[in-house]
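Report on the following structure.
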2 protein chains.
Amino acid sequence: MHNTDRSIGEAAAHLGLPESTLRYYEKKGLLPHLPRDEGGRRVFTEFHMTLLQVISNLKRTHMPLGSIRQYVEWVVEGEHTTPLRLDMMLRHRQNVLDEITAMHEALDGIQIKINRYEDRVRGWQQLSSDKPDQAAESSRTDSAS
Amino acid sequence: MHNTDRSIGEAAAHLGLPESTLRYYEKKGLLPHLPRDEGGRRVFTEFHMTLLQVISNLKRTHMPLGSIRQYVEWVVEGEHTTPLRLDMMLRHRQNVLDEITAMHEALDGIQIKINRYEDRVRGWQQLSSDKPDQAAESSRTDSAS
DNA sequence: GCTTGACTTCAACCATGGTTGAAGTTCTAA
DNA sequence: TTAGAACTTCAACCATGGTTGAAGTCAAGC
């Protein structure tokens, strides 16, 4: 019983996650060997809190729970799985970098729409200051959006 | 019947999506007023192909189909919805930028693991070239991963 | 001793984003 | 004219990632 141990409520509050999610993670194998106290309550050790930080990083980069579980199993198996973990992380990093690139490309397309809409709204403002009190049909520049 | 019109099969091939997904998108309201030919088959006009490009950009940046549908409805409603669309796109852009930032932060954590694993593997290689044919218990440096 | 709050289990339910299968229709080319 | 490809509809199914609710246990404070 380390002083750093946490109840599920404390762990949840610390991580900003609902307790139900932490139970779900345990059920899914993301929290191996999670101890219980005399009353059968989950005890979140420092190890598990650190692990949850790692899980958070993997989740924020869209790794599916199944892969995270595989990773955790390798951690439990010991250091001889280091090459497997390294390979997994290298691949994952590349996937994430590719995904970020794709998002930037998509953002470029979105930015074009933003520019078009801003121009259009500016055009209206211009019009209404030229000829106050006139609801005008605007310049026809719509394509597919 | 423009020469640029496409059958669902052609559209799917062009976009790299299964036909079933295009039917699903129509059902979900992402492809408004999609015409049919005499035989009742879907006709993908240039407008719809362009719209699908926009949809692709929004999807790649994780906008849910429900929001995309709202956007498409505004497009159909006409130019007076421009401020709504502009607002939606500005918010969305910010969300995406935040998400990318979060992913970069998570990647930093992942990079630390990669470095640790690479060091460990290098350590082993060092060891095995110093003392060939010796399976060694490595330096104890495991924390939570 | 009794309520309150925090915990437990387990199964059922939910939203999202499709995918699949069955059964029927229509166009195309030999 | 007939086989096959390509299309249609619709409902059912699937994986993912949780969320919720019912029913029960347990320790602490009044």
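Just so we're on the same page: letters track the sequence lines, and every chain starts at 1. Just so it is clear, the structure is predicted and the values come from calculations on it, not from any experiment.
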Under 4.0 angstrom between A:Arg36 side-chain N/O and D:dC26 OP1 or OP2:
no
Considering residues at least two apart in sequence or located in another chain, which fulfil the ring-ring contact (aromatic ring centres under 6.0 Å, His included) criterion with B:His104?
none
Is it true that B:Asn57 and B:Gln53 share a donor-acceptor pair across their side chains at a distance under 3.5 Å?
no
Starting at NE2 of B:His62 and ending at P of D:dT16, how long is that distance when rounded to a whole Å?
17 Å
Quick one: B:Arg6 CZ to D:dC7 C1', roughly how many Å, whole number?
18 Å
B:Thr21 vs C:dT19: side-chain N/O to OP1/OP2 distance below 4.0 Å:
yes
Whole-Å distance between D:dT25 P and A:Glu38 CD?
19 Å
Who pairs with A:His80 by ring-ring contact (aromatic ring centres under 6.0 Å, His included), at least two apart in sequence or on another chain?
none
Describe, in one word, how the ring planes of A:His62 and B:His62 are oriented to each other, choosing from parallel (under 30°), tilted (30 to 60°) and perpendicular (over 60°).
perpendicular
Which sits closer to the 5' end of DNA chain D, B:Arg42 or A:Tyr24, going by the nucleotide each is nearest to?
B:Arg42
Report yes or no: do A:Asn95 and A:Glu99 form a side-chain donor-acceptor pair below 3.5 Å?
no
Check whether any side-chain nitrogen or oxygen of B:Ser20 sits under 4.0 Å from OP1 or OP2 of C:dG18, and answer yes or no.
no
Contact class for B:Lys59 (heavy atom, under 4.0 Å): base, sugar-phosphate, or nothing?
sugar-phosphate
Give the rounded distance in Å between these two atoms: CG of A:Leu65 and P of D:dA15.
15 Å
Whole-Å distance separating the CD atom of A:Glu19 from the P atom of C:dT9:
12 Å
B:Ile68 CD1 to C:dT16 P: how many Å, rounded?
12 Å
Go through C:dT8, D:dC7, C:dG17 for me and flag the one nearest to the B:Ile8 side chain.
D:dC7
Of all the choices, C:dG18, D:dT19, C:dC27, which nucleotide is nearest to the side chain of B:Arg41 once you look at every atom?
C:dC27
For a quick test of reading the model: is some side-chain N or O of A:Ser7 closer than 4.0 Å to OP1 or OP2 of C:dC7?
yes
Looking across every strand, which nucleic acid part, if any, lies under 4.0 Å from A:Gly40 by heavy atom: base, sugar-phosphate, or nothing?
sugar-phosphate
Mind calculating the distance between OH (B:Tyr25) and P (C:dG18) to the nearest angstrom?
4 Å
Please report, rounded to the nearest Å, how far the P atom of C:dG18 is from the CG atom of B:Leu17.
8 Å
